[in-house]
Amino acid sequence: MRKITKAAALVFAVGALATVGATGANAAQAAGSLHGCPSGAVCVYPQNAGWNGDRPSLAFYSYGPHNLSNQVGQHYVLNNQTGGATARTCTGYNGTGDCQGYLWAGYYIDKDLTPINSILLVRP
């Protein structure tokens, strides 16, 4: 497994420039299981636990919105999907509200999930 490296900056272009996360995004390798996140999934790790010994607390596989419950504070969110699929964090349930940036396959973010109520997996 390759060593995770921190990306200096990550820019997402969709009309306006936006990023998923308050401080930036981090590069990761999206092939096979990565930090316990199966290939094809977007995973959320427990609050303030980093990679939590490679044990995510949530894993989402299907395209579309996935509602969150009781997820507050800082969490790693890893996109280990394949085929160019992206993920977005949204302030509303069912992928509504302010859906922030695009987390590309092979990247993770350290994100405050307090205002986030859903994660949207977007088909390429």
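FYI, side chains are in, hydrogens and waters are out, and symmetry mates aren't considered; it's all heavy atoms of this structure. Because the structure is a prediction, the values reported are computed rather than measured.
- Under the 3.5 Å distance criterion, the side-chain polar atoms of Ser118 are matched with a main-chain donor or acceptor of Gly95.
- Taken together through direct or relayed side-chain contacts under 4.5 Å among Ile, Leu, Val, Met, Phe, Trp and Tyr, Leu58 and Tyr63 form part of one hydrophobic cluster.
- The shortest side-chain heavy-atom distance between Trp51 and His35 falls under the 4.5 Å cut-off.
- Proximity of a side-chain donor or acceptor of Asn52 to a complementary backbone N or O of Pro46 within less than 3.5 Å is not detected.
- From Ser57, atom OG reaches atom NE2 of His75 across 7.0 Å, with rounding to the nearest 0.5 Å.
- Listed by chain and residue number, nothing satisfies the side-chain hydrogen bond (donor to acceptor under 3.5 Å, both in side chains) test with Asp98 (two or more places apart in sequence, or in another chain).
- Side-chain N or O atoms of Asn80 include one that pairs as donor or acceptor with a backbone N or O of Gly32 at under 3.5 Å.
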- Query: Which is it for Cys43 and Val77 under the side chain to side chain contact (heavy atoms under 4.5 Å, CB included) test, yes or no, and what are the steps along the way?
  - Reply: CA-CA 6 Å; Cys43 295; Val77 178; over 6 Å; no
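- Thr86 and Gln81 get closest at one heavy-atom pair: O-NE2, 3.2 Å.
- We find the CG-CD1 distance between Asn79 and Ile119 to be 10.0 Å, quoted to the nearest 0.5 Å.
- Remark: Arg55 is not positioned above the aromatic ring of Tyr45, lacking an NZ or CZ atom under 6.0 angstrom from the ring centre and at most 45 degrees off the axis.
- With values rounded to the nearest 0.5 angstrom, Asn117 atom CG is found 10.5 Å from Gln71 atom CD.
- Side-chain contact of Thr96 with Asn94: a donor-acceptor pair under 3.5 Å is absent, judged by distance alone.
- Between Pro124 and Gly83 the shortest heavy-atom distance is CG-O, 3.1 Å.
- Side-chain polar atoms of Asn48 and Gln74 form no donor-acceptor pair below 3.5 angstrom.
- Taking CG from Leu103 and OG1 from Thr89, the interatomic distance works out to 8.5 Å, rounded to the nearest 0.5 Å.
- Within the structure, every pair that satisfies the disulfide bond (SG atoms under 2.5 Å apart) test and touches residues 93-124, not counting sequence neighbours, is listed here: Cys90-Cys99.
- At least one side-chain heavy atom of Pro38 sits under 4.5 Å from a side-chain heavy atom of Tyr61.
- Lys111 is listed as a side-chain neighbour of Gln100, based on a closest heavy-atom distance under 4.5 Å.
- Side-chain atoms of Thr114 come within 3.5 Å of backbone N or O of Gly73 as a donor-acceptor pair.
- Across Val44 and Phe60, no two heavy atoms sit closer than the pair CG2-CE1, 4.3 Å.
- A donor-acceptor contact shorter than 3.5 Å is absent between the side chain of Arg88 and the backbone of Leu120.
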